[in-house]
Amino acid sequence: MRIAVPNKGRLHDPSIDLLERAGLHLEGGADRKLYADTVDPDVTALFARAADIPEYVADGAAAVGITGLDQVRESGHDLVDLLDLEFGRCRLVVAAPEDGAISSVEALAGGTVATEFPRITREFFAERGVDADVVEVTGATELTPHVDMADAIVDITSTGTTLRVNRLAEIEEVLSSSVRLFARPDVVDDEKVQQLVTAFESVLAAEDRRYLMLNVAEDRLDDVRDVLPGMGGPTVMDVAGSDDVAVHAVVEERAVFGVINDLKAMGASDILVTEIERLVE
Ligand SMILES: Nc1ncnc2c1ncn2[C@@H]1O[C@H](COP(=O)(O)OP(=O)(O)OP(=O)(O)O)[C@@H](O)[C@H]1O
Ligand SMILES: O=P(O)(O)OC[C@H]1O[C@H](OP(=O)(O)OP(=O)(O)O)[C@H](O)[C@@H]1O
Ligand SMILES: [Mg+2]
């Protein structure tokens, strides 16, 4: 199975990182290559531009791909969104000059909109019944309203800095995007594809959990269980030559601070918190 992965730009490093953490180590690294074998003889990574990845998958060059939902939508291909990989979060928005006449989508009727996403933009305006002219650019979209090329833009925003610096105000959101694992409909049920989904899910599940270990007097075990609901309850083991028991549990990361305070109050000792690499539920 071939998996298409962004070859450069902001999505490259996190994509490689995810593959590695999922156990799909790339043989010989990913630098400046067109493809790389992985430790799994049945999985090869193929490197392409984020915007081209939906095309590679649709054409059959790869079975699955990693890229932004915005790119998948813009491609127009019928691809299945298998998993939200939870990075590359951004929004596609309609924006116009802060002090200009345009403050609604409807006000763009008869106007011009510049964008790197012509398909999504045309569909958006058609759905709203607003007849606007869509002009395709390949970068520096934020400049176009200031040089009379367009009345508004449809572009990516995340922190909002670029819009602000270019004195543009958001009018409406068109699409909320993040990076996804997606596939051609005909391969969705393939065993290898499902194994990949499980592997990625295990990395994502581990990210916001911690593994907690502690010793506590056996007669406080019920109290400890109350603060450690965990997954199917904690694992409890005898500690040789002691009245204490050792307790291991998986805890939500955001609960760790409070849980440790509760455990200390119950006389728990040797509390150890570690990261989890993968968690297959
Ligand atoms: N500011 C941002 N914050 C979060 N995600 C973003 C941002 N800009 C773009 N993205 C996501 O990253 C994807 C790739 O962005 P883009 O095509 O601009 O590539 P790049 O990483 O900037 O590299 P290059 O433009 O040099 O090819 C976008 O389709 C979008 O999903
Ligand atoms: O809301 P912000 O945090 O400012 O992010 C938005 C900017 O990020 C992207 O550009 P990028 O940095 O990828 O540069 P590029 O235009 O060269 O691709 C996007 O095209 C916006 O311009
Ligand atoms: Mg970019």
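Just so it is clear, the values below take in all heavy atoms, side chains as well, and ignore hydrogens, waters and symmetry mates. Here the structure is a predicted model, which means the values were calculated and not measured. Start at 1 and go down the list; that is how both ligands and their atoms are numbered.
More than 12 heavy atoms of other residues, nucleotides or ligands lie within 6.0 Å of CD in Glu98, so this atom counts as buried by the packing criterion.
Annotation: the span from Asp81 atom CG to Phe182 atom CZ amounts to 9.0 Å, rounded to 0.5 Å.
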Report all N/O contacts between ligand 2 and the protein shorter than 3.5 Å as a table of atom names and distances to 0.1 Å; if there are none, say 'none'.
unit_1   : atom_1 : unit_2 : atom_2 : d
ligand 2 : 1 (O)  : Thr157 : OG1    : 3.3
ligand 2 : 1 (O)  : Ser158 : N      : 2.7
ligand 2 : 1 (O)  : Thr159 : N      : 3.1
ligand 2 : 1 (O)  : Gly160 : N      : 2.8
ligand 2 : 3 (O)  : Ser158 : OG     : 3.1
ligand 2 : 3 (O)  : Thr159 : N      : 2.9
ligand 2 : 3 (O)  : Thr159 : OG1    : 2.5
ligand 2 : 4 (O)  : Thr162 : N      : 2.9
ligand 2 : 4 (O)  : Thr162 : OG1    : 2.5
ligand 2 : 12 (O) : Arg10  : NH2    : 2.7
ligand 2 : 13 (O) : Arg10  : NH2    : 2.5
ligand 2 : 22 (O) : Glu142 : OE2    : 2.8

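Side-chain N/O atoms of Ser178 and Arg180 include a donor and acceptor closer than 3.5 Å.
Residues forming a side-chain contact (heavy atoms from CB on, under 4.5 Å) with Arg210 (at least two apart in sequence, or on another chain): Glu253, Val256, Val273, Glu275. With sequence neighbours excluded, the residues satisfying side-chain contact (heavy atoms from CB on, under 4.5 Å) with Arg164 are Thr161. Here Thr44 pairs with Arg2, Tyr35, Asp37 under the side-chain contact (heavy atoms from CB on, under 4.5 Å) rule; sequence neighbours left out.
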TODO: Could you please spell out the steps behind the side-chain contact (heavy atoms from CB on, under 4.5 Å) verdict for Val5 and Leu46?
DONE: CA-CA 6 Å; Val5 180; Leu46 180 153; over 6 Å; no
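Counting protein heavy atoms only, atom 28 (C) of ligand 1 is closest to Asp70 OD2, 3.3 Å. For atom 26 (O) of ligand 1, the nearest protein heavy atom (residue, atom name, distance) is Lys8 NZ, 3.7 Å. Ranking protein heavy atoms by distance to atom 23 (O) of ligand 1, first place goes to Gly9 CA, 3.6 Å. Nearest protein heavy-atom neighbour of atom 4 (C) of ligand 1: Arg89 O, 3.2 Å. In terms of protein heavy atoms, atom 13 (C) of ligand 1 is closest to Leu11 CD1, 3.5 Å. For atom 17 (O) of ligand 1, the closest non-hydrogen atom of the protein is Gln71 NE2, 3.9 Å.
Taking hydrophobic clusters as Ile, Leu, Val, Met, Phe, Trp and Tyr residues chained together by side-chain heavy-atom distances below 4.5 Å, Leu143 does not share a cluster with Val94.
A salt bridge does not link Arg167 to Glu142: none of the charged side-chain nitrogens sits closer than 4.0 Å to a carboxylate oxygen. Remark: Arg73 does not engage Asp70 in a salt bridge, criterion side-chain N to carboxylate O under 4.0 Å.
Across Arg180, Arg49, His12, Arg10, heavy-atom proximity to atom 1 (N) of ligand 1 is greatest for Arg10.
Under a 4.0 Å criterion applied to the non-hydrogen atoms of Gly68, ligand 1 contributes the atoms 31 (O).
Under a 4.0 Å heavy-atom criterion, Gly88 is in contact with ligand 1.
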